[in-house]
There are 2 protein chains.
Amino acid sequence: MKKQGYTCGLDAAVDVVGGKWKALILWALHYAPLRFGELKRSVPGISEKMLIQQLREMETYGLVHREVHHQVPPKVEYSLTEFGHSLNTALIPLGDWGEKHMRTIEAIPRG
Amino acid sequence: MKKQGYTCGLDAAVDVVGGKWKALILWALHYAPLRFGELKRSVPGISEKMLIQQLREMETYGLVHREVHHQVPPKVEYSLTEFGHSLNTALIPLGDWGEKHMRTIEAIPRG
DNA sequence: CAGTATCCTGTTAGATACTG
DNA sequence: CAGTATCTAACAGGATACTG
């Protein structure tokens, strides 16, 4: 979330879902609501700091809903809103594309 | 292009098209091949440095083709490959989503 | 369990000036 | 026209330790 005055829809969408983690978190929540710890295990490699940071942003975007259950031990569940689901749906073709070309992508020399 | 061993297709796709500019450059080239200067005008706000840098990466990914016409003054045309077109197609729903929700997105308080 | 708080590093990106 | 080169600021992200 950095700009105003987007030049096209893709510009706006990339601004919302951009960065290393948001699309993956969205994807993980597609199937069912998850607790913080479950989510962490569902997104391999993410640190607790990045996870909570991205979740907070996605909450302010209205993509994710945070539900606190006052128990001991604490239980917090994250789920997609309708808005979040609509974004996830829009990401499906991109995910399919990536899956289809994963081998090609991995074979590209890094640098 | 940073990792190997993607966990899902979206992971791989975000790695290829991620960052601030690549999706926009891809989008601009969707309609027709463009020269460097035309491309710069088509992607408002991009610096020459970022444009050439992103184009080079996209060339190594095989998304973009660079055609040099040996003339004075020089003329270099950039176009999408078939691979680039396939990625662009996969981005259409995301672009539509962004367009549809642009007002909502702009209204979110920045942080 | 579900976070916070700090510190630290590498990358991204902007500004500016210059070239074949 | 189509780039290169250099410098610097900003930010994303990682490591580690601590808390209600």
Side-chain angles (χ1 to χ4, degrees), chain A residues 1-7 11 14-26 28-29 33-61 64-79 109-111, chain B residues 1-7 11 14-25 28-29 33-61 64-79 110-111:
Chain A
M1 218 78 241
K2 294 118 199 167
K3 309 190 270 187
Q4 309 238 180
Y6 297 111
T7 55
D11 194 4
V14 165
D15 206 13
V16 169
V17 83
K20 195 173 170 180
W21 301 112
K22 290 203 186 72
L24 296 175
I25 295 172
L26 216 59
L29 289 174
L34 290 176
R35 302 175 61 168
F36 184 83
E38 294 170 330
L39 205 39
K40 194 187 165 191
R41 282 187 292 278
S42 299
V43 183
I46 197 168
S47 66
E48 294 186 348
K49 174 189 157 185
M50 289 316 296
L51 181 53
I52 194 67
Q53 194 171 296
Q54 302 300 304
L55 281 170
R56 297 285 196 236
E57 283 186 48
M58 293 165 78
E59 233 189 305
T60 73
Y61 299 174
V64 159
H65 174 69
R66 179 172 180 269
E67 183 94 26
V68 182
H69 302 264
H70 291 282
Q71 308 173 352
V72 182
K75 174 176 176 179
V76 179
E77 274 197 332
Y78 294 89
S79 56
R110 340 263 114 194
Chain B
M1 215 83 242
K2 295 118 200 169
K3 307 190 272 189
Q4 309 237 182
Y6 297 110
T7 54
D11 196 3
V14 164
D15 206 13
V16 169
V17 82
K20 195 172 171 181
W21 301 112
K22 290 203 186 72
L24 297 175
I25 295 172
L29 288 174
L34 290 176
R35 303 175 62 169
F36 184 83
E38 294 171 331
L39 205 39
K40 195 189 163 191
R41 282 187 293 277
S42 299
V43 184
I46 196 169
S47 67
E48 294 185 348
K49 174 189 157 187
M50 288 316 295
L51 180 54
I52 195 67
Q53 195 171 295
Q54 301 301 303
L55 281 170
R56 297 282 195 240
E57 283 185 48
M58 293 166 78
E59 232 190 305
T60 74
Y61 298 174
V64 159
H65 174 68
R66 179 173 179 269
E67 183 93 27
V68 182
H69 301 265
H70 292 282
Q71 308 173 353
V72 183
K75 174 175 174 178
V76 180
E77 275 197 332
Y78 294 90
S79 56
R110 339 264 115 194

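Everything quoted here is computed from the prediction, not taken from an experiment. First the proteins, then the strands, lettered A, B, ... as listed; each starts at 1.
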Chemist: Are any non-hydrogen side-chain atoms of A:V76 and A:R66 less than 4.5 angstrom apart?
Modeler: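 In contact.
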Chemist: Go through the steps for A:H70 and A:V68 under the test side chain to side chain contact (heavy atoms under 4.5 Å, CB included), then give the verdict.
Modeler: CA-CA 6 Å; A:H70 291 282; A:V68 182; 3.9 Å; yes
Chemist: Looking at the side chain of B:W21, which of C:dG14, D:dG14, C:dA2 is the nearest nucleotide?
Modeler: C:dG14
Chemist: If I take atom CD in residue B:Q54 and atom P in nucleotide C:dA13, what distance separates them, rounded to the nearest angstrom?
Modeler: 6 Å
Chemist: Let me check I have this right: for DNA chain C, each base becomes ., (, ), [, ] or |, based on Watson-Crick or G-U pairs with both distances under 3.5 Å. What is the full string?
Modeler: ||||||||||||||||||||
Chemist: How close or far is atom P of C:dA15 from atom CD of B:Q53, stated in whole angstroms?
Modeler: 15 Å
Chemist: Are side-chain heavy atoms of A:Y61 and A:K22 found at a separation under 4.5 Å?
Modeler: yes
Chemist: Return the value, rounded to whole Å, for the distance between atom CD of A:E77 and atom C1' of C:dC1.
Modeler: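 The answer, rounded to whole Å, is 13 Å.
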Chemist: For B:L34 and D:dC1, give me the distance from atom CG to atom C1', rounded to whole Å.
Modeler: 15 Å
Chemist: Of all of residues 36-52 of chain B, which get a heavy atom below 4.0 angstrom from DNA chain D, listed by number?
Modeler: B:F36, B:G37, B:E48, B:K49, B:I52
Chemist: Give a yes/no on whether any side-chain N or O of A:Y78 is located under 4.0 angstrom from OP1 or OP2 of C:dG3.
Modeler: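 Result: yes.
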Chemist: Tell me, do B:E57 and B:L55 make a side-chain contact under 4.5 Å, heavy atoms counted?
Modeler: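 Sidechains of B:L55 and B:E57: no contact.
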Chemist: May I ask you to evaluate whether B:R35 reaches the phosphate of D:dC1, defined as a side-chain N or O under 4.0 Å from OP1 or OP2?
Modeler: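 Result: no.
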Chemist: Does the side chain of A:H65 come under 3.5 Å of the side chain of A:E67 through a donor N or O and an acceptor N or O?
Modeler: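 A donor-acceptor contact under 3.5 Å links the two side chains.
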Chemist: Rounding to an integer number of Å, can you tell me how far B:D15 CG sits from C:dT12 C1'?
Modeler: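 About 15 Å, once rounded to whole Å.
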Chemist: First locate atom NZ of B:K40, then atom CE of B:M50, and finally report the distance between them rounded to the nearest 0.5 Å.
Modeler: 13.5 Å
Chemist: Between B:K75 and B:F36, is a side chain to side chain contact (heavy atoms under 4.5 Å, CB included) present by the stated rule, with each step listed?
Modeler: CA-CA 8 Å; B:K75 174 175 174 178; B:F36 184 83; over 6 Å; no
Chemist: Please determine whether side chain to side chain contact (heavy atoms under 4.5 Å, CB included) holds for the pair B:I46 and B:L24, giving the CA-CA distance in whole Å, both sets of side-chain angles, and the decisive distance to 0.1 Å.
Modeler: CA-CA 10 Å; B:I46 196 169; B:L24 297 175; over 6 Å; no
Chemist: Got a donor-acceptor contact below 3.5 angstrom from the A:D15 side chain to the A:D11 backbone?
Modeler: no
Chemist: Mind running a 4.0 Å heavy-atom check of residues 66-75 of chain B against DNA chain D and sending the residues that fall below it, in number order?
Modeler: B:R66, B:P73, B:P74, B:K75
Chemist: Mind checking the CG-CG spacing from A:L39 to A:L29? Nearest 0.5 Å is all I need.
Modeler: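 Rounded to the nearest 0.5 Å, the CG-CG separation comes out at 5.0 Å.
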Chemist: Is it true that a side-chain atom of A:Q54 and a backbone atom of A:L51 form a donor plus acceptor pair closer than 3.5 Å?
Modeler: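 The answer is no, because no donor-acceptor pair under 3.5 Å joins these two groups.
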